[in-house]
Protein chains: 2
Amino acid sequence: METTGDVVVVRGEEELFARAGHLWEHVSDLACAANDLYTWSVTRPSGPERQQRPERIRKLYRPGVLLDPSTAQHLRGLADSGAEIRITPDEINETIIFDRRIVILAGDASYGVRGYSVITRQEVVAGVQSLFEAAWRAGTELAVYDAQIAEIRTLAPRIMELLGSGCKDETAARTLGLGVRTYRRRVAELMNALGASSRFQAGVRARELGVV
Amino acid sequence: METTGDVVVVRGEEELFARAGHLWEHVSDLACAANDLYTWSVTRPSGPERQQRPERIRKLYRPGVLLDPSTAQHLRGLADSGAEIRITPDEINETIIFDRRIVILAGDASYGVRGYSVITRQEVVAGVQSLFEAAWRAGTELAVYDAQIAEIRTLAPRIMELLGSGCKDETAARTLGLGVRTYRRRVAELMNALGASSRFQAGVRARELGVV
DNA sequence: GTAGCGTTGGCAGGTTGTTGCCAGCCGTTG
DNA sequence: CAACGGCTGGCAACAACCTGCCAACGCTAC
């Protein structure tokens, strides 16, 4: 563990849980941005020590989380239970904010153990909060985005499977009974939902989200 | 659990462990083919019930497992301890064979719970064994392949990072101080090591192996 | 000092992918 | 029944990628 006054960097989910697990006990205003459903769930205790539910929960995700029907269903369930969920096509830094007082920023997960910055300095917290608010305002309500992406979702598994098989677009299109232009339209829509600018990146992203 | 006489299909690692965990106790001739290091480790008990080590262990992997230095080091350790390890560029069906008597074939892991076929019918076991032997003979000794891939491995993380960033080859090449032809040579080598025929497939594979 | 070998990188031809354009088709609405 | 809107799919221009070819360079051995 490294400390620099109001910013503490911890490495790995265990250290993060030890450091921040208690924050869930009394939080009333929770805001988070994540690339998938798991990023912040590791910090949250799931036993009897979990107290009352926060008064306000806001969650901001990338569209890719809606490509998996079960994940989409889970998010709808959360929304039905009172959580406010929005979707943003923009790149987001994975962040969680407790009561506008404590911020945790997730570091790069590409290699080895992930680092998390736990920030309590109020000026910094305020800055991160305002960035979150801007991203939140630009987001689209879950229900609205879900309706838009429903069509993509029905075909997404087959397209992902075909993309993952390594075959050419022409072959994949024929397999689905589509013209190659239409197949490529669908692929472009998936790339957008995954927030990817290349097919390699889309492949990585799809695997991370478990949709391939 | 579904049964068809000498072939039993189980779903998920827990059922597999319950069904096949005991096989490790007295096995003396073990042969397996896997895409990563974890596929068959879930079936193996790790406590005191594990008896003596098999007399012969043969493991066949795809080259991608050597892209990660720590995975490569682990495999070298296994080889040093007496296991015979070979690498094959060909597609392999994940298989494990106990004493030429019992075979387990891993099913598709793309979605949901993975199915495993546990086969005891001797004709089928013999057939699978001979397929394994053919693939084994075509494989390359770990040490030989490792030496060949060492060069690729040093640059692989940077290339994966750049590929994963979604930027163009020209940009990535400049970032690494290489010509775009040379960069594309390295990418082609990585694609081969990953057994991928498209960049999307390579992205998926790289993420599965944890090298991006 | 020279020959041989391996690698790099520029060039180029071919393939694959990205996206715009537009004709045709189908379903809906007035 | 006609008009309209949306979607499909063929075509095409362009971009990005894939791989062969070859000159140049650096290193090693003799």
**Item:** Spacing of A:E189 atom CD relative to C:dG17 atom P, expressed in whole Å
**Value:** 17 Å

**Message:** Minimum heavy-atom separation for B:A193 and B:I149, please, with both atom names.
**Reply:** CB-CD1, 4.0 Å

**Asked** Any ion pair linking B:E84 and B:R56 (charged N to carboxylate O, less than 4.0 Å)?
**Response** yes

**Length of the CG-C1' vector between A:L163 and C:dT16, whole Å** = 13 Å

**Prompt:** Between the side chain of A:D68 and the main-chain N/O of A:V211, is any donor-acceptor distance below 3.5 Å?
**Reply:** no

**Prompt:** Do you know the tightest heavy-atom contact between B:S198 and A:G166?
**Reply:** OG-CA, 3.5 Å

**Prompt:** What distance separates A:L37 CG from A:L209 CG, expressed to the nearest 0.5 Å?
**Reply:** 9.0 Å

**Asked** Under 3.5 Å, is there a donor-acceptor pair between the side chain of A:R153 and the main chain of A:L66?
**Response** yes

**Asked** When you check every protein heavy atom under 4.0 Å of nucleotides 12-27 of chain D, what one-letter string (B, S, -) results, 5' to 3'?
**Response** ----SBBBBB------

**Asked** Taking CG from B:L176 and C1' from C:dG9, how many angstroms apart are they, rounded to a whole number?
**Response** 15 Å

**Request:** Could you tell me the separation between the CG atom of A:L178 and the P atom of D:dG10, rounded to a whole number of Å?
**Result:** 11 Å

